[in-house]
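Only this structure's heavy atoms are used, side chains among them; waters, hydrogens and symmetry mates stay out. First the proteins, then the strands, lettered A, B, ... as listed; each starts at 1.
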Protein chains: 2
Amino acid sequence: MSSAIADVAARARVSKATASRALSGNGYVAEATRLRVIAAAEEIGYVASSNAASLVTGQTKNIGVVMPFINRWFFGEVLDGIEQALLDRGYDMTLYNLHAGSPDRQRVFDFFLARKRFDGIILIGVEPTEAERQALTRLAIPLVGIGFPTDGIPTLAMDDRGAARRATEHLISLGHHRIVHIGGDGADESPFSVAALRGAGYREAMAAAGLESESRIETTVMSLPGGYDAGANILSSAHRRPTAVFASCDEIAIGAMIAARRLGLRVPGDLSVIGIDGHEYAEMFSLTTIEQRPRQQGSDAATALLDAVAGNPAQAAVVDVPARLIVRTSTAPLAPTRAVPGVAERAPAEEQTA
Amino acid sequence: MSSAIADVAARARVSKATASRALSGNGYVAEATRLRVIAAAEEIGYVASSNAASLVTGQTKNIGVVMPFINRWFFGEVLDGIEQALLDRGYDMTLYNLHAGSPDRQRVFDFFLARKRFDGIILIGVEPTEAERQALTRLAIPLVGIGFPTDGIPTLAMDDRGAARRATEHLISLGHHRIVHIGGDGADESPFSVAALRGAGYREAMAAAGLESESRIETTVMSLPGGYDAGANILSSAHRRPTAVFASCDEIAIGAMIAARRLGLRVPGDLSVIGIDGHEYAEMFSLTTIEQRPRQQGSDAATALLDAVAGNPAQAAVVDVPARLIVRTSTAPLAPTRAVPGVAERAPAEEQTA
DNA sequence: CTGAAAGCGCTTACAG
DNA sequence: CTGAAAGCGCTTACAG
């Protein structure tokens, strides 16, 4: 059923070699011949088998992408940006999701990535172990990272520490002292994790303002419910309740805002909240945040990788991606404390199946 | 650098044929030989080139996935489920995102999917045109769909119409009459779209209860901000304000709940809200919903596809996936109307860049 | 400008 | 149980 180049050649009355040249555009072919071959190919819906072509050209036109989550906003945006950029250049994208703590992780590096399917690989938010880094290097193909600088892998990353510092300074400049940082879990896994770097930036800013004694970091899952739980936890007792929260990402920030409101706290009247990301929901919640553009990062990473595949490797080991403070109405100058009416927490969900 | 099977064979002092048999497990190999070959392969980190193997076996060990969004919860979950199931079986997943209205769409069907890279293809939430359906059929490989039944493509789908009916009936059974449906846009594109089917189910339930004169459908983007905007729109005027909302998906439902609260309406006191999906945020918002399990659907679709690749095609044209009503506290019996204090809408976001 | 031939790296009948 | 040979579907020097 599926047609081969021999069919096209027969139909156009040329050799396979000429058919190949006409279709690929490589090498001389008389215009008339070229047109005839192309017409023949179209008639039978011929498209070259990429496996066969890869074998001889050594180019797979396929990029591998490795990330720890698919269904988080940041990663989805990055993925979208990569896919679009690759598609524009005729490349496929093969996706590996490294579930935390899954034994599949080793198979991805030692088997899936090793079967010579890719012209290059993009790692997103993944810190390879030394063994993994060696496995990657052995592949002898270009690599690009996003968000987790690693030796020998050119990486695009936000200045996480600097962004955290700026976010904290924004709160300090509004007069806040009692500023809690809700960070993502994972800070303990690696000192270069996003969570760790943002925590460090927070501590730096607090220390620089003479507020180290006020420093307090809560960690939680990097999601809306994670932020909600952490927020409820931090805010439910009136004792030393913070007047401001710096959340490690916008999902946490929004979750914390919702928790605050359920507790009868006004944002920003009783609590200022700032996040990081520029999440698609940030505007709806009028969230002050430090915006980065993950979709653009994905697109840039794909472009850099394809350049490297074409023989123009990236110059810089780490490229700082732009980040800008967007001030909305979730942050405001510190106001005199007011008594918060005792609004009940949310009722426990009564689940029942029908 | 990258090693070939000839290197393994030389190292183990056997022929390439024997090396291949030892590594693949196909055909007889003396145990001692097998061990020697495997050891040799491990020493040099050899993994067979899948392009070369595909060429002779005809199996690519690669599945193509086509979907219209990456960064929406439902699609992310499905993708996660597919990826995991494929990985378990040694398969790769190549992802195509069909951006609405993008000219890339035709290229995906006519070029990317046609280059003989896949053993099978999964379509998620995509209704192929007749030309696309033919292009797919010409590939002569197994196909599986999720969520958009199409001639000749076995599909997993929720009974969207039935689910919408049940959701609406739930509100009616609580005494609500003035029930607005906030649907996804896209109902006009196809009568088989999720949006159209859920709208139809709503209308059926309303009609069956003698409430067709109360029927009202607003459409919006299937996202939290989309639901927020639609909710604000519907609820801001006290004139004939609905007492209940059936949202086409949980994101819309949650957005509408947030809009309601900002307008000073209590949920469920002043407004009951029900959604569809079982979104990861549903519990946090205590949202009543009809739950489906997209991750499971992805996993099931991948399994069905791989079965078909192995020669056991699916029996049924359409498989109904389970859906169950989860009653939480966002829905309650109709209460006597109360005057809603005039709470201001959210302040316009004042953006400013630093 | 075109064709015959070699070869990419595998796997698989076919002999032995 | 093992090896020599053919062949998967392409592309690319190499002649002409």
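- Side chains of A:Q84 and B:N97: a donor-acceptor N/O pair is absent below 3.5 angstrom, by distance only.
- Looking at A:R89 and A:D307, a side-chain N of the basic residue comes within less than 4.0 Å of a carboxylate O on the acidic one, giving a salt bridge.
- Look at A:D151 and A:R133 and you find no salt bridge, because none of the NZ, NE, NH1 or NH2 atoms lies under 4.0 Å from a carboxylate O.
- Taking atom CD1 of B:I5 as the reference point, atom P of D:dG7 lies 20 Å away to the nearest angstrom.
- Taking a pair to require two hydrogen-bonding distances under 3.5 Å in either a Watson-Crick or a G-U wobble arrangement, C:dG16 pairs with D:dC1.
- Heavy atoms of other residues, nucleotides or ligands lying less than 6.0 angstrom from CZ of A:R293 number 12 at most.
- Under the 6.0 Å cut-off for aromatic ring centres, B:F148 and B:F192 do not qualify, their centroids lying 6.0 Å or more apart.
- Comparing atom distances between the B:N26 side chain and each of C:dT12, D:dC10, C:dG9 picks out C:dT12 as nearest.
- When only modelled atom types and interatomic distance are considered, B:S54 and B:T60 share no side-chain donor-acceptor pair under 3.5 Å.
- For B:D119 and B:N62, the side-chain atoms include no donor-acceptor pair closer than 3.5 Å.
- The stretch residues 11-24 of chain B comes close to DNA chain D through B:V14, B:S15, B:A17, B:T18, B:R21, each having a heavy atom under 4.0 Å from the strand.
- Distance CG (B:D7) to P (C:dG9): 9 Å, rounded to an integer number of Å.
- Inspection of the B:Y96 and B:D104 side chains reveals no N or O donor paired with an N or O acceptor under 3.5 Å.
- With rounding to whole Å, B:Q59 atom CD is found 14 Å from C:dT12 atom C1'.
- The side chain of A:Y28 lies closest to C:dC1 when the candidates are C:dC1, C:dC10, D:dG9.
- For DNA chain D, the residues of residues 30-51 of chain A within the heavy-atom distance limit of 4.0 Å (strictly under) are A:Y46, A:S49, sorted by number.
- Atom-to-atom, CG of B:L55 to P of C:dC8 comes out at 13 Å; the value is rounded to the nearest Å.
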